[in-house]
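Presented below is the structure to which this report refers.
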Amino acid sequence: MLLARLAQVSREVAATAARSRKTALLAELFREADADDVPVVIPYLAGRLPQGRLGVGSKVLSRPVPPAAEPTRTVREVDALLSELGKVSGPGSQAERARLVGELMGAATEDEQRFLRGLLTGEVRQGALDAVAVEGLALATGADPAAVRRAVMLAGSLQTVAQALLAEGPGALDRFRLTVGRPVLPMLAHTASSVAEAVEKLGACAVEEKLDGIRVQVHRDGDTVRVHTRTLDDITDRLPEVTAAARELRGERFILDGEVISFDAAGRPRSFQETAGRVGSRADVAKAADQVPVSPVFFDTLSVDGTELLDLPFAERHARLARLVPEPMRVRRTVASGPGDIAAAERFLGETLARGHEGVVVKALDAPYSAGRRGASWLKVKPVHTLDLVVLAAEWGHGRRTGKLSNLHLGARNPDGTFAMLGKTFKGMTDAMLAWQTERLQELAVEDNGWVVRVRPELVVEIAYDGLQRSSRYPAGVTLRFARVVRYREDKRPEETDTVEALLAAHPEVTP
C-alpha cells in the first residue's frame, strides 16, 4: 500500500466527525491493505510510530524539501527508513538524521510530507481511535464486531488480530483466548472530578489508592514468571524482586494486574521518574535493584488456576485476589456502598494523598474486567495542578489542525525575568480556541520558519498538569507531565506568571 493512500484516509477521517463515516473509510482502507501492511498502517492511523521516538526535532523538519510530483513509497518502505533512522546514534548522528529525513521527505508528495511531519512530531490526531479501527476491521472482513473486540482484548494487539483476519478471515478469531504467559491490554480508567461524583455515579464501589508507579501484569505458570508493562513489553529480567514475590504466592498458575513502585527509607513513594528509570534500566540489574528497590502492589486478578475471571464482577475477582495475595502486597482500599459513604471515601482520599500517592481509583463492584478499554466503571480522582505560563512559540498543526497554530511551547519565569521552557502541549484546545490563538500568536510573531512560530512572551495561558519529571531537554531540568490548556489569561501580565523557583519548590521529589 502506498503511503499516499494512508495519508489520504487519515486526512478524510480527520475531516469527518461522524463515527459511521470514519468506520466506512477505515473498512475501505483495510480491504485494500495486505496483511503485512497492518503492523504499519494501524499505528500510523493512530499517530504512533512503531519505533517510538526517533529524536527528530523541529529544526530538522523545518528545512524545506521540494515534494515529489507523484507518490512512490509504500508504507513498508517508509517504515524501513524510519527504522534505519531510529538506529542512528553517536558522533555525526545529527547530520545522518538530517540526511535520512531529507531522503524521506524528498520522495514524498506534499500531502505525504504533511502526514509524515505529523507522525514524527506526534501531531497526527485524526480521531482514528482503536475502537473505530476495530469496527472498520470487522466491516472489512465480515466479522462480528464484538468477537473482534474480544480477540483484540485477549491478543493484546489490534495489529495481531488484524493480520490474522485479513489473511484468514473471521475463523481466525477462534484462536485468541486468555492464556497464562500471553499478556493482554490492561483495563483503564476514566476521570471523575471528585470522589463524590464517582461514588454517586457507580454506587457500590471500592475506593483504591492510585499509585504513581509502573503498571505491570504478572503471569506465573509453575516456576515460570513473566512480567509485562501496560504496552505488553516483557520486563521480567529487570525486576527480580517481582519474580521472587510472585513465586512466594500460594497459587502456581495465575495472571495478576498491579503496579510496581519504589519507596524511600521513610516508606513514602519515590518520584515516578525514579521508579520509571529503575524499570527502564537494562544494565546491572542487581546494582539498580539495590539502589532503587521496587515492590509489586496488586489490585486485580484475571486468571487463577486455569479459570478465566474477566467476566466476573470486580467484587468476586478481588475475593480471589485476597485468597492468593497477602494484604501487604495488595493495594489499600475502602468499600463504599453508595452516597452515604462519600464522607468516608473522601477521608480515604485525604489519607492517600498524605501518604504521598497521587489520588484514588473508584471501581464499581459489579464490573467485569474490560481489558484494553477505558471502562466507565473505573474512575480516577486526583488533584489537578495548574500553572500560569507564557507562550514562547507554537507549531503549525496537521490533519484537522492544518493551518492552525497548535503545539504550544510553554515557559515559566526565571529570576532574571527571562523564561525557561518547560515543555509543549497541543491538548485541551477547542476549535474556537485554536482559531483565536492562531490569530493572536501571529500578531506576536517574531519568526516563522514554516514550522515553528516564535512569539514575544506576552500571552499568558493557564495549564493543568499531573506532575513534573526530570528532563535534560529543557533548561530548568524538568518538564510537565500531561500538560493541557485550561484557558487563556489575558487578564494577567507575563511578569505575573509562575516562576521556575516556585515550581521546583512545589515538587521537591523531582528537584534536579
Side-chain angles (χ1 to χ4, degrees), residues 1-7 10 36-125 159 231 233 273 276-277 280-283 392-399 406-407 409 421 423-424 426 447-454 469-475 477 479:
M1 173 177 284
L2 289 175
L3 180 69
R5 176 61 177 141
L6 183 57
S10 175
D36 290 340
D37 291 332
V38 164
V40 182
V41 167
I42 287 178
Y44 279 18
L45 281 170
R48 301 189 300 265
L49 289 173
Q51 299 85 358
R53 294 185 62 172
L54 297 178
V56 178
S58 58
K59 185 177 180 180
V60 171
L61 291 172
S62 65
R63 295 171 183 170
V65 178
E70 298 291 337
T72 58
R73 285 274 172 91
T74 67
V75 292
R76 278 181 274 171
E77 288 171 340
V78 169
D79 187 62
L81 186 58
L82 292 179
S83 293
E84 185 179 348
L85 183 62
K87 296 174 184 176
V88 174
S89 63
S93 59
Q94 188 171 356
E96 179 62 9
R97 285 195 190 97
R99 184 190 70 79
L100 289 171
V101 170
E103 179 183 338
L104 177 70
M105 293 299 183
T109 64
E110 186 175 356
D111 191 34
E112 290 174 315
Q113 284 188 353
R114 280 194 296 268
F115 181 68
L116 288 168
R117 287 194 184 98
L119 278 176
L120 290 167
T121 58
E123 274 222 352
V124 171
R125 294 180 305 282
Q159 290 98 302
T231 54
D233 296 318
Q273 195 164 16
S281 176
R282 292 176 172 84
L392 302 175
E395 298 170 9
W396 290 107
H398 303 277
S406 174
N407 204 13
H409 297 202
M421 187 173 171
K424 306 177 185 180
F426 50 75
E447 179 187 348
D448 183 352
N449 61 16
W451 182 247
V452 178
V453 176
R454 305 200 179 279
Q469 66 183 51
R470 297 189 187 95
S471 174
S472 59
R473 298 180 60 193
Y474 297 106
T479 188

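Only a predicted model underlies this, so the values are computations on that prediction, with no experimental measurement involved. Values below: every heavy atom of this structure, side chains too, minus hydrogens, waters and symmetry copies.
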Practice item. Mark yes or no for whether Glu110, through its side chain, and Ala69, through its backbone, hold a donor-acceptor pair below 3.5 Å. Key: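 The answer is no, because no donor-acceptor pair under 3.5 Å joins these two groups.
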Would you mind reporting whether [Y] and [X] have side-chain heavy atoms less than 4.5 Å apart?
| X | Y | value |
| --- | --- | --- |
| Asp448 | Trp396 | yes |
| Leu104 | Leu82 | yes |
| Leu120 | Leu49 | yes |
| Lys424 | Glu395 | yes |

Between [atom1] of [X] and [atom2] of [Y], what distance do you get to the nearest 0.5 Å?
| X | Y | atom1 | atom2 | answer |
| --- | --- | --- | --- | --- |
| Phe426 | Ser406 | CZ | OG | 7.0 Å |
| His409 | Tyr474 | NE2 | OH | 7.5 Å |
| Leu116 | Met105 | CG | CE | 5.0 Å |
| Leu6 | Leu45 | CG | CG | 5.0 Å |
| Leu85 | Gln51 | CG | CD | 8.5 Å |
| Asn449 | Arg454 | CG | CZ | 7.0 Å |

Check your understanding: So, Thr231 versus Asp233: side-chain donor-acceptor pair below 3.5 Å or not?
Key ->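 Yes - a donor-acceptor pair under 3.5 Å links their side chains.
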**Study point:** Audit row: Val40, Gln159, side-chain contact (heavy atoms from CB on, under 4.5 Å) steps and yes/no
**Key:** CA-CA 9 Å; Val40 182; Gln159 290 98 302; over 6 Å; no
Closest heavy-atom contact between [X] and [Y]?
| X | Y | value |
| --- | --- | --- |
| Pro71 | Thr109 | N-CG2, 3.5 Å |
| Gln113 | Pro67 | NE2-CA, 3.5 Å |
| Thr72 | Leu2 | O-CD2, 3.6 Å |
| Ala107 | Arg73 | CB-CZ, 3.8 Å |
| Val38 | Pro43 | O-CD, 3.8 Å |
| Tyr44 | Phe115 | O-CZ, 3.9 Å |

**Study point:** salt bridge (Lys or Arg N to Asp or Glu O under 4.0 Å) partners of Asp37, counting only residues at least two apart
**Key:**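 Here the qualifying residues are Arg76.
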**Study point:** Other residues, nucleotides, ligands: >12 heavy atoms within 6.0 Å of Glu447 CD
**Key:**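 Result for CD/Glu447: enclosed.
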Check your understanding: How would you list all residue pairs meeting salt bridge (charged side-chain N to carboxylate O under 4.0 Å, His left out) that involve residues 83-96, not counting sequence neighbours?
Key ->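 Every pair satisfying salt bridge (charged side-chain N to carboxylate O under 4.0 Å, His left out) with a residue in residues 83-96: Glu96-Arg99.
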Exercise for review: For salt bridge (charged side-chain N to carboxylate O under 4.0 Å, His left out), just list the numbers for Arg5 and Glu112, CA-CA rounded to whole Å, side-chain angles, deciding distance to a tenth of an Å, and then say yes or no.
Suggested key: CA-CA 9 Å; Arg5 176 61 177 141; Glu112 290 174 315; over 6 Å; no
Review point. For Glu103 and Leu81, what are the C-alpha separation, side-chain angles and deciding distance, and is it a side-chain contact (heavy atoms from CB on, under 4.5 Å)?
Key: CA-CA 9 Å; Glu103 179 183 338; Leu81 186 58; 4.1 Å; yes
